[in-house]
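A short worksheet on the structure shown next.
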Amino acid sequence: MSELVSNIADFASGLRTLHVPDIECSLQPMGREYIVGDRAVTPATDVLLGQMEVMRVEEGLVLYRTTAKDLCTMRTSNLLYPGLKIVLLLEGESELAYGELRLRLRAGIPAQCAAVVALARTERFMRQWREGRRERKLVLTLSPQWLQAAGIAQGTMQDFLGRHLAHVAWQPSARALAIADQLHRGRALPAHLQRLWHHSRCLDLVLEALASVDLPPDAVRAAPRGMPPRLHLRLAALRDWLMTPAADGMDTAAIARHAGISRAHLQRHFPAVADGLSLGQFVRAQRLLRARNGLEQGQLSVAKAAQLAGYRSSTHFAAVFFQHFGLRPSQAKPVLPGRV
């Protein structure tokens, strides 16, 4: 099998009308027995406007990407080989079923835009088509042999892989979504670097997706009672990220999007990882601390420190600063070398 199964190389442009034979050809590396559930559809029927591509990144690791607008309403199905499926929807909606497991994915909605599914045996896959609906989707398939050779099939993951149709709703981080978008759009590189580029980004996605399945025991024990361990890990990672300047200038909605958590869930659960502080209180405290550090290191004027902390008024900033630290911004002077 050639590395690129379809003849579509550029996912940034060049949408075309596809027919059933085009789809059958593209899906061969992942399954067989493609069935169209509408007798009115013929090999000449325009069924899809878009692009489909299957790439064997390495033996046992297959990348499938598609940009599609359904031109008809119908169901299609095919038999999929055993393995692990990592599905990520970048845009639109998609109705899928692996055997009796039904998934409705919605892009941009936490816990609904991606999933990890274990196929312990050959299973029939079904897609529901709806005329006019669009989707931009990426699927990674990991064969049992690849999982075994990578040393992944052990512990919690071995149990997960052995349970046919076991699945988790994966919440991709902002970084994972960016990587998936890069993979979907592709990048112009010399031929000898293309495989390495695809391989590195696929492995980044695999690592994060599988981490959502195989949680370490310490992570489970550390989660507060009533909070899912995965949510606790995500919130703790967000808290650590908020302690860096990366989030400066971002509002709550933007922070929630970065974390892949709904704004309501973030507001409700964040205090559990921040010593009881709300998200807003924690963010303000971190920005005030960075403003104080900038003043003490002589890198910022009071006006610049106020701006860094998110205050338009230096007078308001000074009042909050005094309330928080017990001294005025003008008293936070640079520490001279050799003096304490």
Side-chain angles (χ1 to χ4, degrees), residues 88-92 105-116 136 138 168-184 201 204-205 207-209 211-212 215 219 222-295 299-300 304-313 316-317 319-321 323-325:
L88 198 161
L89 193 66
L90 288 164
E91 293 178 13
L105 302 180
R106 297 178 175 87
I109 300 179
Q112 294 186 39
C113 66
V116 182
R136 194 160 68 94
L138 182 150
V168 296
W170 172 37
Q171 297 183 15
S173 66
R175 178 175 179 271
L177 289 171
I179 291 173
D181 186 65
Q182 291 173 10
L183 268 174
H184 200 281
R201 276 146 185 79
D204 277 340
L205 289 184
L207 179 61
E208 183 174 316
S212 71
L215 292 174
R225 186 175 181 179
M227 178 183 292
R230 292 183 184 87
L231 177 58
H232 184 254
L233 283 175
R234 187 175 290 274
L235 288 172
L238 176 66
R239 175 202 60 206
D240 295 344
W241 179 75
L242 290 173
M243 295 172 70
T244 74
D248 286 349
M250 294 175 67
D251 59 16
T252 301
I255 293 172
R257 286 194 298 271
H258 170 87
I261 302 173
S262 72
R263 187 171 177 177
H265 263 64
L266 183 58
Q267 296 280 28
R268 177 182 176 186
H269 295 293
F270 186 81
V273 298
D275 296 325
L277 294 178
S278 69
L279 176 66
Q281 290 170 332
F282 185 84
V283 168
R284 284 192 293 273
Q286 294 303 313
R287 291 175 180 172
L288 281 170
L289 183 60
R290 284 195 291 279
R292 177 175 178 172
N293 289 338
L295 289 168
Q299 298 174 343
L300 298 175
K304 289 291 186 180
Q307 185 178 4
L308 174 63
Y311 294 91
R312 296 181 179 179
S313 165
H316 188 196
F317 167 67
V320 174
F321 192 93
Q323 184 180 20
H324 195 82
F325 296 115

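Treat the numbers as computed from the prediction; the structure is a model and nothing was measured.
A heavy-atom distance below 4.5 Å is found between the side chains of L235 and L266. Using a 4.5 Å heavy-atom cutoff, the side chains of L138 and D181 are not in contact. Two residues are said to be in side-chain contact when any heavy atoms from C-beta on lie closer than 4.5 Å; H316 and V320 meet this criterion.
Surrounding CD of E208 are more than 12 heavy atoms belonging to other residues, nucleotides or ligands, all under 6.0 Å away.
Evaluation of the side chain to side chain donor-acceptor pair (under 3.5 Å) test over residues 277-286, restricted to residues two or more places apart or in two chains, returns S278-Q281.
R292 is linked by a side chain to side chain donor-acceptor pair (under 3.5 Å) to E296, counting only residues two or more places apart in sequence or in another chain. In this structure, H324 has no ring-ring contact (aromatic ring centres under 6.0 Å, His included) partners at least two apart in sequence or on a different chain. Residues satisfying the side chain to side chain donor-acceptor pair (under 3.5 Å) test with Q299, not counting sequence neighbours, are Q297. Partners of A274 according to the side-chain contact (heavy atoms from CB on, under 4.5 Å) rule, which considers only residues two or more places apart in sequence or in another chain, are F270, L277, F282. For R287, the side chain to side chain donor-acceptor pair (under 3.5 Å) test picks out no residue, with sequence neighbours left out. With sequence neighbours left out, the salt bridge (Lys or Arg N to Asp or Glu O under 4.0 Å) criterion links R290 to D248. Residues satisfying the salt bridge (Lys or Arg N to Asp or Glu O under 4.0 Å) criterion with R175, sequence neighbours excluded, are D204. Scanning for ring-ring contact (aromatic ring centres under 6.0 Å, His included) contacts around F321 gives F317, F325, with sequence neighbours left out. With sequence neighbours excluded, the residues forming a side-chain contact (heavy atoms from CB on, under 4.5 Å) with A253 are D251, R257, R263, listed by chain and number. Applying the side chain to side chain donor-acceptor pair (under 3.5 Å) test to N293 and every residue at least two apart in sequence or in another chain returns nothing.
Of all non-hydrogen atoms in W170 and L205, the two that sit nearest each other are CH2-O, 4.1 Å. Pairing each heavy atom of P172 with each of A114, the nearest pair is CG-CB, 3.7 Å. Annotation for G108 and C113: closest pair N-CB, 4.0 Å, computed over non-hydrogen atoms. When every heavy atom of L88 is checked against every heavy atom of A180, the shortest pair comes out as CD1-CB, 4.0 Å.
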Report all side-chain donor-acceptor pairs from residues 237-246 shorter than 3.5 Å, counting only partners two or more places apart or in another chain.
{"unit_1": "R239", "atom_1": "NH1", "unit_2": "V273", "atom_2": "O", "d": "3.0"}
{"unit_1": "T244", "atom_1": "OG1", "unit_2": "W241", "atom_2": "O", "d": "2.7"}
{"unit_1": "T244", "atom_1": "OG1", "unit_2": "A246", "atom_2": "N", "d": "3.3"}

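The distance from atom CG of L90 to atom CG of L105, rounded to the nearest 0.5 Å, is 11.0 Å.
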